[in-house]
Amino acid sequence: MSSQWWKPAVVYQIYPRSFADSDGDGIGDLGGIVQRLDYLQQLGVDVLWLSPIYPSPQDDNGYDISDYQDVDPTFGSLNDFDALLAGVHERGMKLVMDLVVNHTSDEHPWFEESRASKDSPKRDWYWWRAEPNDWRSFFSGSAWEADQATREFYLHLFSVKQPDLNWENPAVREAIYAMMRLWLDRGVDGFRMDVINLISKPPGLPDGDSAALNNCGPRIHEFLQEMHREVFAGRDAQLLTVGEMPGVTVEEATLFTDPARAEIDMVFQFEHVQLDQNGRKWDLRALDLRELKAVMNRWQLGLAERGWNSLYWNNHDQPRAVSRFGDDSPEHRVRSAKALATVLHLQRGTPYVYQGEELGMTNAPFASIEDFRDIESLNHYAEAIAAGEDPGRVLTALRTKGRDNARTPMQWDASEHAGFTTGEPWLAVNPNHAEINAQAAVADPGSVFHHFRALIGLRHSLPVVADGDFTPLLADDPHVYAYTRALDGTELLVLANCSSETVIVELDARGEPLLSNYDDDPQDGTLRAWEARVLRR
Ligand code: TEU
């Protein structure tokens, strides 16, 4: 596995269900992705990450897999997959699959065999107990489900239809490694690993906070080193592995991503996407830019010597970046989307663009609970209402933080269903697609799309972006995000006003302008609303 080719690379995440529908059933598919490969090549991204496309009852939109070695007919076939992979490689891009192996679907043959009887040869491929502990599921309610057949309980940290695999069992690990080797042999270029820090459970499964107790358990590094030996070692292909790790710390991330330890290339940390909440995700809290910068700067400096960062503002589990971290009002949406991309893409790490982020897509105007589809949101709503919470308040939280915000169909043009489908979309298209869509963006040199292209171009052309040292500036400034990158005598100054008011910048902002989201620079020591500048000096 040749090293670190992904440092100057940019990854684009596709949520197949919502990207492009080629057969008019209202659900995106592989044929639709193939139709849009030229668009992605024009954007300039290097790697495509596909959220799960495997056979699934779709209880959690594919993160509940019932067959790891095929493609769900909703999305297409293995032949369609091979055609997609060929199209990606022909255009010089790579394709990374989603690896969901903390749990399977309860309709996976492994689980069906496991639940059949207490003596089943696959009984301990999952976690069964006569009595549950007090663990709660990430999707509300208990993390244990009673199973009538054997009158025992099985563990599911996510939905009832997502039973957790028992990684203590070497047969489970070997079966997973064999499946991964199959996809790599098919030409896949790596894996995004779903909640991979939860696979090593705490001995004895003690009562307590399940998220904390299962975060980076005692054998996690042993398992990832074994996986690396069994799956990746000895392959000369350029591969990428990224582990999604809710709750991971900088210290743990340096261990996971230190190349000398041969575990994974990078992790998704969650600290910066949990600042606008009081404990629970649904207890909303205003975001303070100083706190956001503090977290991002700590990760930048923490992995400067050892390890590597992934960089993201949003994905299929998070609300839209411009609505959450920017200002999605018509007056400021474009500039704030560009400013957010600028401060993220020029940091040290591999940037991830979530489909539609390059257009400045926004959160959606969900009117009522009937408009939501995501199991996490629907379960939370049911539990909150049952607990007597005010429905209006709960709905406001869902509108603000709900995952469906990220899952409204991709906006390709201004037509009825935004060019996503000729059928009835599984989730309503955001009505602002008349203005916000790829067709308009590609045709407009001043669009968010072309700003992303320019940022990706800087990472591809300037070694300082991939390898330069990171130095934070103005950490205590409540409005301005600023830092430098330096390498071999080249320095980049990156600064952005992350507010909708003009502010004064307390630093020497002179240099050769490389990129900005304003056509001019008044050179008067101020930054206008959401003004972002990249200068070389
Ligand atoms: O997400 C794990 C995870 O951390 C999220 O569920 C997160 O807690 C929540 O969405 C934030 O509000 C991964 C996948 O990305 C997600 O889509 C799946 O639902 C989940 O695992 C289970 O597979």
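Side chains are part of it too, since the values below use all heavy atoms of this structure and drop only hydrogens, waters and symmetry mates. Atoms within a ligand are numbered from 1 in the order they appear, just like the ligands themselves.
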| said: Suppose we screen for side chain to side chain contact (heavy atoms under 4.5 Å, CB included). Which residues come up paired with Ile65, at least two apart in sequence or across chains? | reply: Tyr54, Tyr68, Val100

| said: Tell me the contacting part of Phe139 for ligand 1: side chain, backbone, both, or neither, using a 4.0 Å heavy-atom threshold, strictly below. | reply: side chain

| query | Within the side chain of Asn166, is there an N or O that forms a donor-acceptor pair under 3.5 Å with the backbone of Asp124? | reply | yes

| request: Could you check atom 23 (O) of ligand 1 against the protein and tell me its nearest heavy-atom contact, residue, atom and distance included? | output: Asp194 OD2, 2.7 Å

| query | What atoms in ligand 1 come closer than 4.0 Å to a heavy atom of Val195? | reply | 2 (C), 21 (O)

| Under 30°, 30 to 60°, or over 60°: which ring-plane class applies to Tyr154 and Phe111, parallel, tilted or perpendicular? | perpendicular

| field | Where ligand 1 meets His316 - atom numbers and elements under 4.0 angstrom, heavy-atom basis | value | 14 (C), 15 (O), 16 (C), 17 (O)

| request: Only one of Tyr312, Tyr12, Trp313, Phe268 passes ring pair (Phe, Tyr, Trp, His ring centres under 6.0 Å) with Tyr352; say which it is. | output: Phe268

| request: Report the part of Arg403 in contact with ligand 1, treating N, CA, C, O as backbone and CB onward as side chain, heavy atoms under 4.0 Å; options are side chain, backbone, both, neither. | output: side chain

| task | Distance to 0.1 Å, residue and atom name: give those for the protein heavy atom nearest to atom 1 (O) of ligand 1. | result | Glu244 OE2, 2.9 Å

| message | So which atom in Arg123 and which in Glu152 form the shortest heavy-atom distance, rounded to 0.1 Å? | response | NH2-OE1, 2.8 Å

| said: Any heavy atom of Arg192 closer to ligand 1 than 4.0 angstrom? | reply: yes

| field | Proximal ligand 1 atoms for Glu376, defined as those under 4.0 Å from one of its heavy atoms | value | 9 (C), 10 (O), 11 (C), 12 (O)

| said: Please list, in number order, the atoms of ligand 1 under 4.0 Å from a heavy atom of Pro246. | reply: 4 (O)

| remark: ligand 1 to His103, heavy atom cutoff 4.0 Å, flagged ligand atoms 22 (C), 23 (O)

| Lys281 N/O to ligand 1 N/O under 3.5 Å | yes

| remark: Looking only at protein heavy atoms, what sits closest to atom 18 (C) of ligand 1 is Asp60 OD2, 3.2 Å

| note | Near Phe270 (heavy-atom distance under 4.0 Å), the atoms of ligand 1 are 4 (O)

| said: Tell me whether the rings of Trp135 and Trp144 are parallel (<30°), tilted (30 to 60°) or perpendicular (>60°). | reply: tilted

| For residues 50-67, which residue pairs qualify under salt bridge (Lys or Arg N to Asp or Glu O under 4.0 Å), counting only residues two or more places apart or in two chains? | Asp60-Arg403

| Glu383 side chain to Gly141 main-chain N or O, any donor-acceptor pair under 3.5 Å? | yes

| field | pair Phe366-Phe372: side-chain heavy atoms closer than 4.5 Å | value | yes

| task | Provide, to 0.1 Å, the distance between atom 8 (O) of ligand 1 and the closest protein heavy atom, together with that atom's residue and name. | result | Phe138 CD2, 4.0 Å

| query | How about Asn169 and Lys122: does a side-chain donor come under 3.5 Å of a side-chain acceptor? | reply | no

| Nearest protein heavy atom to atom 15 (O) of ligand 1, by residue and atom, and its distance? | Asp317 OD2, 2.4 Å

